[in-house]
Engineer: 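Have a look at this one before I ask anything.
Counting from 1, the numbers follow the sequence of the chain as shown. What you are looking at is a predicted structure, and each value in this text was computed from that prediction instead of being measured.
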Amino acid sequence: MIRRVAVVPHPPLIVPELTGGGDRDADAVRADCLAVAASLADLPRWVAVGAGDRPGRYRPDVAGTFRGFGVDVRVGLGAKADLTFADPGLPLPALVAGWLRAQVGGPDVTVHVVAADLSPSECADEGARIAEELAGPDPVGLLVLGDGSHRHGERSVGRPDERSSAFDEEVARAFAAVDLDALAQLDPTVAAELGAVGRAPWQVLASAARAGRPWRPVEARVSTPLGVAYHYAVWETA
């Protein structure tokens with residue numbers, strides 16, 4: 001059963017080798033990601049959900065590399081993954097999940113990567129499948145990876161969009177209130193226009209979290225240090 005949920009962004013800049021050190025914004029995002037991921041460290045099993053261009057299920061024996069982002073930093077999804085055969089095309093959320101797992105001393109992680117344009121109904125189906133798979137007495141930590149809009153202010157990746165503030169404020173409110181309906185109702189068209197690749201994983205989470213016990217929020221916050229909204233949240237079963 002899913003006992004705890006941790007929500008983090010997945011910018012590659014959290015890996016220090018990719019920034020060369022000395023970047024305050026990157027350091028802050030890294031610290032926040034590690035603190036939230038560490039909330040799952042005491043659980044014996046992790047499952048992660050993210051969005052990418054190679055949808056599929058990546059098991060703990062898989063290894064990957066951040067070489068495509070500039071440096072050959074290798075990570076495994078499990079302790080026994082062979083880094084010699086690191087996949088250079090492993091999707092970013094899987095790479096970040098593997099890196100976080102190693103940094104906080106977490107267990108092996110299985111990563112479900114969904115298409116970023118998965119419809120809300122398909123996200124609901126995927127979340128229900130994950131919840132059914134994880135049903136049972138054994139506690140599981142669910143790590144959810146995804147960024148909000150990348151169109152905040154002058155530092156935005158794309159041109160600034162005035163809708164980005166309202167969009168990410170609603171996402172932040174939903175995480176703070178454990179409002180599963182609000183997450184499920186996020187507009188996929190608006191999310192895509194704003195570059196919010198976390199929309200699909202968040203909607204998978206909304207569906208998966210409906211099974212089992214009610215939830216209580218432990219923490220939730222959002223920051224936009226680089227023109228991108230980074231959401232952090234921890235939920236526990238009540």
Engineer: Please round to the nearest 0.5 Å and tell me the distance separating atom OH of Y58 and atom CG of L77.
Structural biologist: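 Output value for this atom pair is 10.0 Å.
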Engineer: For A233 and V36, work out which heavy atoms get closest and say how close.
Structural biologist: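 For A233 and V36, the tightest heavy-atom pair comes out as O-CG1, 3.6 Å.
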Engineer: Which heavy atom of A174 sits nearest to which heavy atom of A182, and what is that distance?
Structural biologist: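 Closest pair (atom of A174, atom of A182, distance): CB-CB, 3.9 Å.
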Engineer: Looking at residues at least two apart in the chain, or sitting in another chain, which of them share a side chain to side chain contact (heavy atoms under 4.5 Å, CB included) with D125?
Structural biologist: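 Residues passing side chain to side chain contact (heavy atoms under 4.5 Å, CB included) with D125: R129.
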Engineer: If two hydrophobic side chains count as joined below 4.5 Å and joins carry through other members, does V171 share a cluster with L226?
Structural biologist: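 In one cluster with V171: L226, no.
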Engineer: Name all residues meeting the side chain to side chain contact (heavy atoms under 4.5 Å, CB included) criterion together with E236; count only those two or more places apart in sequence or in a different chain, and write none if there are none.
Structural biologist: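 Once residues adjacent in sequence are excluded, the partners of E236 under the side chain to side chain contact (heavy atoms under 4.5 Å, CB included) criterion are R4, R216, V218.
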Engineer: Applying salt bridge (Lys or Arg N to Asp or Glu O under 4.0 Å), can you list everything that pairs with R213, at least two apart in sequence or on another chain?
Structural biologist: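 So R213 forms no salt bridge (Lys or Arg N to Asp or Glu O under 4.0 Å) with any residue.
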Engineer: From S164 OG over to H152 NE2, what is the distance, rounded to the nearest 0.5 angstrom?
Structural biologist: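 S164 OG to H152 NE2: 4.0 Å, rounded to 0.5 Å.
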Engineer: Enumerate the side-chain hydrogen bond (donor to acceptor under 3.5 Å, both in side chains) contacts for residues 137-150, please, sequence neighbours excluded, ordered by first and then second residue.
Structural biologist: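 Residue pairs with at least one partner in residues 137-150: there are none.
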Engineer: If I compare all heavy atoms of D87 with all of G89, which pair ends up nearest, and what's the gap?
Structural biologist: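 Taking D87 first and G89 second, the nearest heavy atoms are OD1-N, 2.8 Å.
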Engineer: Do V29 and L143 share a hydrophobic cluster, counting only Ile, Leu, Val, Met, Phe, Trp and Tyr and linking them when any side-chain heavy atoms are less than 4.5 Å apart?
Structural biologist: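 Yes, because V29 and L143 connect within a single hydrophobic cluster, where side-chain heavy atoms sit under 4.5 Å apart.
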Engineer: For residues 5-14, dump all side-chain donor-acceptor pairs below 3.5 Å to protein atoms at least two apart in sequence or in another chain.
Structural biologist:
none

Engineer: Rounded to the nearest 0.5 Å, how far apart are OG1 of T224 and CG of D168?
Structural biologist: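 Between T224 OG1 and D168 CG, I get 8.5 Å after rounding to 0.5 Å.
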Engineer: Not counting sequence neighbours, list each pair that qualifies as a side-chain hydrogen bond (donor to acceptor under 3.5 Å, both in side chains) and has a residue in residues 60-76.
Structural biologist: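 Counting only pairs at least two positions apart or across chains, the side-chain hydrogen bond (donor to acceptor under 3.5 Å, both in side chains) contacts touching residues 60-76 are T65-D72, D72-R74.
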Engineer: Locate the shortest heavy-atom distance separating P139 from L43; write the atom from each residue and the value.
Structural biologist: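 Shortest heavy-atom contact: CB-CD2, 4.0 Å.
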Engineer: Going by the rule side chain to side chain contact (heavy atoms under 4.5 Å, CB included), which residues pair with V222 if we only count those two or more places apart in sequence or in a different chain?
Structural biologist: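 Listed in chain order: A172, A229, H231.
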Engineer: Does V197 belong to the same Ile/Leu/Val/Met/Phe/Trp/Tyr cluster as F167, with side-chain heavy atoms less than 4.5 Å apart forming each link?
Structural biologist: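 In one cluster with V197: F167, no.
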Engineer: Given the rule in the salt bridge (charged side-chain N to carboxylate O under 4.0 Å, His left out) test, do D187 and R163 qualify, once you have shown the distances and angles that lead to the verdict?
Structural biologist: CA-CA 12 Å; D187 188 317; R163 298 173 297 169; over 6 Å; no
Engineer: Among residues at least two apart in sequence or on other chains, which ones pass salt bridge (Lys or Arg N to Asp or Glu O under 4.0 Å) with D181?
Structural biologist: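 Expected list: R210.
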Engineer: Where do R173 and D179 land on the side chain to side chain contact (heavy atoms under 4.5 Å, CB included) test, with the steps shown first?
Structural biologist: CA-CA 8 Å; R173 188 203 66 78; D179 189 338; 2.7 Å; yes
Engineer: According to a hydrophobic-cluster definition based on side-chain heavy atoms being under 4.5 Å apart (Ile, Leu, Val, Met, Phe, Trp, Tyr only), do V47 and V111 belong together?
Structural biologist: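 Per the 4.5 Å side-chain linkage, V47 and V111 are not co-clustered.
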Engineer: Is the number of heavy atoms from other residues, nucleotides or ligands under 6.0 Å of R59 CZ greater than 12?
Structural biologist: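 Check fails, neighbour count at 12 or below.
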Engineer: As an exercise, state the distance from CG of L194 to CG of D161, rounded to the nearest 0.5 Å.
Structural biologist: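 Atom-to-atom, L194:CG and D161:CG are 5.0 Å apart.
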Engineer: I'd like to know if the side chain of W215 reaches the main chain of A209, judged simply by a donor and an acceptor atom lying under 3.5 Å from each other, with no hydrogens or angles considered.
Structural biologist: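 Such a contact is found between W215 side chain and A209 backbone.
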Engineer: From S223 OG over to Y232 OH, what is the distance, rounded to the nearest 0.5 angstrom?
Structural biologist: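 So the gap between those two atoms works out to 4.5 Å.
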Engineer: Once side-chain hydrogen bond (donor to acceptor under 3.5 Å, both in side chains) is applied, what residue pairs with a partner in residues 25-36 remain, sequence neighbours excluded?
Structural biologist: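 Counting only pairs at least two positions apart or across chains, the side-chain hydrogen bond (donor to acceptor under 3.5 Å, both in side chains) contacts touching residues 25-36 are D25-R155, D27-R30, D32-R221.
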Engineer: Taking atom CZ of F175 and atom CH2 of W235, what is their separation to the nearest 0.5 Å?
Structural biologist: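 It comes to 6.0 Å.
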Engineer: Counting C-beta onward and ignoring hydrogens, is there a side-chain heavy-atom pair between P188 and S119 closer than 4.5 Å?
Structural biologist: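 No. Closest side-chain heavy atoms not under 4.5 Å.
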Engineer: Less than 3.5 Å apart, which donor and acceptor atoms pair up between the side chains of residues 198-207 and the rest of the protein, not counting sequence neighbours?
Structural biologist:
residue: R199; atom: NH1; partner: L118; partner atom: O; Å: 2.7
residue: R199; atom: NH1; partner: Q203; partner atom: OE1; Å: 2.8
residue: R199; atom: NH2; partner: A116; partner atom: O; Å: 3.1
residue: R199; atom: NH2; partner: L118; partner atom: O; Å: 2.7
residue: Q203; atom: NE2; partner: L183; partner atom: O; Å: 3.1
residue: Q203; atom: NE2; partner: A184; partner atom: O; Å: 2.9
residue: Q203; atom: NE2; partner: L186; partner atom: O; Å: 3.1
residue: S207; atom: OG; partner: A124; partner atom: O; Å: 2.6
residue: S207; atom: OG; partner: A128; partner atom: N; Å: 3.2

Engineer: Less than 3.5 Å apart, which donor and acceptor atoms pair up between the side chains of residues 91-110 and the rest of the protein, not counting sequence neighbours?
Structural biologist:
residue: R101; atom: NE; partner: G76; partner atom: O; Å: 3.3
residue: R101; atom: NH2; partner: G76; partner atom: O; Å: 3.3
residue: D108; atom: OD1; partner: A79; partner atom: N; Å: 3.0

Engineer: Same cluster or not: V234 versus V140, using hydrophobic residues (I, L, V, M, F, W, Y) connected whenever any side-chain heavy atoms lie under 4.5 Å apart?
Structural biologist: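 Per the 4.5 Å side-chain linkage, V234 and V140 are not co-clustered.
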Engineer: With sequence neighbours left out, what residues match D117 under salt bridge (Lys or Arg N to Asp or Glu O under 4.0 Å)?
Structural biologist: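 D117 satisfies salt bridge (Lys or Arg N to Asp or Glu O under 4.0 Å) with no other residue.
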